[in-house]
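Before I ask anything, here is the structure I am working with.
Numbers restart at 1 for each chain; the letters A, B, ... are given by sequence-line order, proteins then strands. Quick caveat: nothing in here was measured; it's all calculated off a predicted structure.
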Amino acid sequence: MLRLYNTLTHKEEPFAPLHGDVVRMYGCGPTVYARAHIGNFRTYVCLDVLRRTLKYVCGHQVRQAVNYTDVDDKTIKGALESGTSLREYTDTWIHAFREDSARLGIEAPEETPRATDDENMRAMGDMILTLEAKGHAYRRDGSIYFKISTLPQYGQLARLDRDGMKDGAAVDVDEYSKDDPRDFVLWKASKPGEPSWDVGTGAGRPGWHLECSAMALRLLGGPPIDIHAGGVDLVFPHHENEIAQSEGATGTTFARCWFHIEHLFVESEKMSKSLGNVYTIAEIVARGHRPSALRYLLLSSHYRKQLNFTWTGMDQAEEAIRRIVDFRSRLDTVTDSAAHGRVPPQVADARQAFKTALEHDLNTAGALAAVFDLVRDVNAAIDAHEVSAAEAREAADAIDHFDRVLGVVSLRQAEDAEPPVPVEEIERLIGERRAARERRDFAAADRIRKELVERGILLEDNAGGTRWKKK
RNA sequence: GGCGCCGUCGCCAAGUGGUAAGGCAGAGGUCUGCAAAACCUCCAUCUCCGGUUCAAAUCCGGACGGCGCCUCCA
């Protein structure tokens with residue numbers, strides 16, 4: 001059974017969906033005002049692995065929502081500066097995000113709501129009115145605030161207490177007049193020139209936290225929903241405030257399990273624009289790396305540990321994937337008909353180890369070890385001519401199964417499907433080279449191989465003939 | 001000031017009470033026309049100091065080092 005670390009309880013707990021076999025999960029998505037960076041994508045790749053584990057390892061169905069925050073200070077400013085409407089402006093970045101997500105092999109969630117969609121705005125308005133009716137909210141100068149003192153459990157997720165929040169920590173000094181500095185805004189009064197909505201709230205726009213509460217409950221049903229996720233930085237105040245709003249409005253638990261992904265660092269430093277180390281997928285590619293390598297790198301350490309992105313790490317990831325991909329294609333070349341019985345138990349062990357690792361709070365590094373164990377074992381068996389085609393098929397099925405969760409082999413194969421040299425030309429040259437080798441003209445043969453290497457194609461001579469692959 | 005995390009081979013990284021997975025890199029070897037790939041062999045006692053235990057990388061205490069949150073942020 002899957003066990004997940006729950007931020008709410010600070011413990012690893014067995015996880016099962018509340019209703020039947022459907023896991024209802026919500027992830028806080030990007031604010032769409034710029035191209036997302038690799039740190040953002042660590043979160044989304046880890047969510048993807050969680051999603052895939054739930055589906056393909058645990059056998060659950062998944063109903064996942066990941067939102068686009070398409071109205072806030074940054075998006076409004078960006079739209080203004082680019083001279084386009086908020087909708088057009090955010091459309092651009094949503095498109096970019098989908099493009100990058102696809103390059104990283106992230107499965108599309110069932111729901112990708114936008115805050116400014118009518119039905120979501122209405123849901124937010126309804127939630128505010130409910131909070132007001134229950135005495136959790138108050139209006140001041142056209143804005144509406146959540147009154148923290150009305151909710152005794154406030155602070156449970158982040159484990160913050162009032163007394164500790166003093167010296168050294170910045171105290172929220174707001175330009176608005178709130179009853180308590182910690183009260184947060186549910187609805188911001190509109191300013192001249194800014195887009196605004198009125199959903200029983202007066203003209204304005206939603207506060208930072210409101211959209212997630214409203215959309216999660218609208219799209220996933222409940223409460224409680226099964227899993228709520230995001231980057232660690234969202235624990236406070238975002239998620240704490242989401243809990244306050246949702247539980248204030250519904251009177252019951254908002255989310256059963258809180259799943260948080262640690263931050264990515266770059267060359268041991270926090271990413272920041274001033275350091276110039278905020279990389280996007282496009283920049284990774286421009287440096288000659290495949291997105292699959294980034295995905296692998298993100299999977300190679302545990303999601304609750306800080307991960308240090310380095311270019312050496314990317315090089316190592318490229319090599320590691322290559323080993324698995326080479327193995328996977330080698331399996332297709334096995335033609336022996338006699339079974340030897342050596343491989344099936346190896347496959348069974350690997351499948352078991354893979355599952356056990358993922359079930360243990362998504363231990364992807366451990367799962368990868370299981371994959372490599374199988375690679376080594378079966379490679380050795382093939383070298384010893386002790387594998388039948390059917391047994392190779394079993395191993396291939398296992399690798400394909402593993403990759404439904406890892407999503408890294410298929411990604412690499414897709415990336416390498418378009419070689420820099422036309423396939424017919426590669427094959428023609430391989431033919432010429434074979435002829436040269438047959439007449440023992442190794443100089444000519446080596447010349448062809450060298451030429452292809454320079455054009456990005458590697459040749460490997462095996463018992464069955466010559467194989468090519470992208471460098 | 002409060003809360004919390006981390007320190008395992010050159011690099012990355014599992015393991016969290018029973019005697020150190022895996023990947024990358026490296027050395028030697030097998031195979032090969034040569035390469036490549038693959039395989040085999042070699043390559044750490046877990047930051048340090050105490051303690052608990054038959055047994056600790058794993059638990060407790062302390063030291064040193066690194067980091068996060070308490071403020072917009074994945």
| task | Indicate yes or no for a side-chain donor-acceptor contact from D461(A) to the backbone of T466(A) under 3.5 Å, with no hydrogens or angles considered. | result |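 A pair under 3.5 Å: no.
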| request: Evaluate the ring planes of Y303(A) and F259(A), with Trp represented by its six-membered ring, and classify them as parallel (under 30°), tilted (30 to 60°) or perpendicular (over 60°). | output: parallel
| query | In terms of ring plane angle, is the pair H260(A) and H239(A) parallel, tilted or perpendicular, where the classes change at 30° and 60°? | reply | tilted
| Rounded distance (Å) that lies between atom C1' of G23(B) and atom CD of E318(A) |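 Those two atoms, CD and C1', are 14 Å apart.
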| request: Kindly point out which of A74(B), A37(B), G33(B) is positioned nearest to the side chain of H263(A)? | output: A74(B)
| remark: The Watson-Crick or G-U wobble partner of A25(B), with both key distances under 3.5 Å, is none
| request: Taking R295(A) for its side chain and L406(A) for its backbone only, find out whether a donor-acceptor pair lies under 3.5 Å. | output: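 Such a contact is found between R295(A) side chain and L406(A) backbone.
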| message | Is it the case that the side chains of T310(A) and E267(A) hold a donor-acceptor pair, with the cut-off being a distance below 3.5 Å and no angle test? | response | no
| Can you tell me how far C1' in U45(B) sits from the matching atom in C9(B), rounded to whole Å? | 11 Å
| request: Rounded to whole angstrom, note down the P distance from G61(B) over to C3(B). | output: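 G61(B) and C3(B) have their P atoms separated by 14 Å.
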| message | Nearest heavy atom decides the nucleotide; on that basis, is R449(A) or T43(A) closer to the 5' end of RNA chain B? | response |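 In this pair, the answer is R449(A).
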| Counterpart base for C9(B), defined by Watson-Crick or G-U wobble contacts under 3.5 Å | none
| C24(B) versus A38(B) - spacing of their P atoms, nearest Å |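 It comes out at 8 Å once rounded to the nearest Å.
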| In terms of side-chain geometry, is the basic nitrogen of D326(A) or R323(A) positioned less than 4.0 Å from the acidic oxygen of its partner? |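 Salt bridge: no.
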| Is the ring centre of F442(A) under 5.5 Å from the base ring centre of G33(B), and are the two planes under 30° apart, so that they stack? |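 Stacked: ring centres under 5.5 Å, planes under 30°.
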N/O-N/O pairs, protein side and nucleotides 14-16 of chain B side, under 3.5 Å:
from: A14(B); atom 1: OP1; to: H302(A); atom 2: N; distance (Å): 2.7
from: A14(B); atom 1: OP2; to: K305(A); atom 2: NZ; distance (Å): 3.2
from: A14(B); atom 1: O3'; to: N363(A); atom 2: ND2; distance (Å): 3.0
from: A14(B); atom 1: O2'; to: N363(A); atom 2: ND2; distance (Å): 3.3
from: G15(B); atom 1: OP1; to: N363(A); atom 2: ND2; distance (Å): 3.3

| query | Who are the salt bridge (charged side-chain N to carboxylate O under 4.0 Å, His left out) partners of R412(A), not counting sequence neighbours? | reply | E318(A), D416(A)
| field | Pair partner, U30(B) [Watson-Crick or wobble, under 3.5 Å] | value |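 Result: A38(B).
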| query | Just how far, in rounded Å, is P of C39(B) from CZ of R330(A)? | reply |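 Nearest whole value for this atom pair: 8 Å.
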| request: Check every strand shown and say whether F265(A) touches a base, only sugar-phosphate, or nothing at a heavy-atom separation below 4.0 Å. | output: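 Since only primed, P, OP1 and OP2 atoms lie under 4.0 Å of F265(A), the category is sugar-phosphate.
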| query | When all nucleic acid strands are considered with a 4.0 Å heavy-atom cut-off, which category describes L459(A): base, sugar-phosphate, or nothing? | reply | base
| request: Taking only the side-chain heavy atoms of L234(A) (C-beta and beyond), determine which of G33(B), A74(B), G23(B) contains the nearest atom. | output: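 Of all the options, the side chain of L234(A) is nearest to A74(B).
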| Aromatic ring pairing F184(A)/H209(A), orientation class (parallel under 30°, perpendicular over 60°, tilted between) | perpendicular
| task | Provide, to the nearest angstrom, the distance between the CZ atom belonging to R440(A) and the C1' atom belonging to G33(B). | result |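 From R440(A) CZ to G33(B) C1': 5 Å.
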| task | Classify the nucleic acid contact of E460(A) as base, sugar-phosphate or nothing, counting any heavy atom under 4.0 Å across all strands shown. | result |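 Base: the residue E460(A), judged by heavy atoms under 4.0 Å, touches a nucleobase.
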| task | Determine the Euclidean distance between corresponding C1' atoms of C12(B) and U19(B); express it in Å to zero decimal places. | result | 25 Å
| task | Sticking with atom C1', work out how far C11(B) lies from G26(B), rounded to a whole angstrom. | result |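 After rounding to an integer number of Å, I get 12 Å for this pair.
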| task | Return the 5'-most residue of the pair K270(A), R433(A) with respect to RNA chain B, ranking by each residue's nearest nucleotide. | result | R433(A)
| Nucleotide nearest M271(A) (side chain, heavy atoms from C-beta), chosen from A25(B), A36(B), A74(B) |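 Between A25(B), A36(B), A74(B), the one nearest the side chain of M271(A) would be A74(B).
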| field | Nearest-neighbour nucleotide for the Q316(A) side chain, G22(B), A37(B), G23(B) considered | value | G23(B)
| Watson-Crick or G-U counterpart of G61(B), or none if no pair lies under 3.5 Å | C49(B)
| said: Checking F97(A) against Y44(A) for the ring-ring contact (aromatic ring centres under 6.0 Å, His included) test, could you report, in this order, the C-alpha distance in whole Å, the side-chain angles of both residues, the deciding distance, and whether it holds? | reply: CA-CA 11 Å; F97(A) 184 78; Y44(A) 303 117; 5.2 Å; yes
| said: Looking at A37(B), I'd like to know if its phosphate oxygens (OP1 or OP2) sit under 4.0 Å from a side-chain N or O belonging to N462(A). | reply: no
| said: Say we look at G2(B) and U58(B): how far apart would their C1' atoms be, to the nearest angstrom? | reply: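 These two C1' atoms come out 29 Å apart once rounded.
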| request: Quick one: label L264(A) by what it contacts on the DNA or RNA (base, sugar-phosphate, nothing), any heavy atom closer than 4.0 Å. | output: base
| task | Send over the distance from Y44(A) OH to A74(B) P, rounded to a whole Å. | result | 6 Å
| task | Could you check how far CZ of R437(A) sits from C1' of G33(B), rounded to whole Å? | result |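 Spelled out: CZ on R437(A) to C1' on G33(B) is 8 Å.
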| Nearest-angstrom distance from the residue atom CD of Q306(A) to P of C12(B) |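 Rounded to the whole Å, the gap is 14 Å.
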| request: Would you indicate what G313(A) reaches in the nucleic acid, counting non-hydrogen atoms under 4.0 angstrom: base, sugar-phosphate, or nothing? | output: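 Nothing, no nucleic acid heavy atom in range.
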| message | For the C1' atoms, the ones on G15(B) and on C59(B), what distance do you get once it is rounded to whole angstrom? | response |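 Per the computed distance, 16 Å lies between those C1' atoms.
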| task | Taking atom P in both A37(B) and C46(B), compute the distance separating them and give it to the nearest angstrom. | result |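 The same atom, P, in both gives a distance of 34 Å.
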| query | Once you round it to whole Å, what is the distance between C1' of A38(B) and CG of D326(A)? | reply | 10 Å
| Taking OP1 and OP2 of G22(B), is either one under 4.0 Å from a side-chain nitrogen or oxygen of R376(A)? |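 For G22(B), OP1/OP2 do have a side-chain N/O of R376(A) under 4.0 Å.
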| said: I want to verify a distance call: between C34(B), C67(B), G22(B), whose nearest atom is closest to the D461(A) side chain? | reply: C34(B)
| field | Whole-Å gap separating P (A74(B)) and CZ (F309(A)) | value | 18 Å
| query | For C3(B), what is the paired nucleotide under Watson-Crick or G-U wobble rules, both distances under 3.5 Å? | reply |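 With both distances under 3.5 Å, C3(B) matches G68(B).
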| task | Go through the structure and list residues passing side-chain contact (heavy atoms from CB on, under 4.5 Å) with E386(A), not counting sequence neighbours. | result |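 Checked E386(A) against side-chain contact (heavy atoms from CB on, under 4.5 Å); matches are H340(A), R342(A), A384(A).
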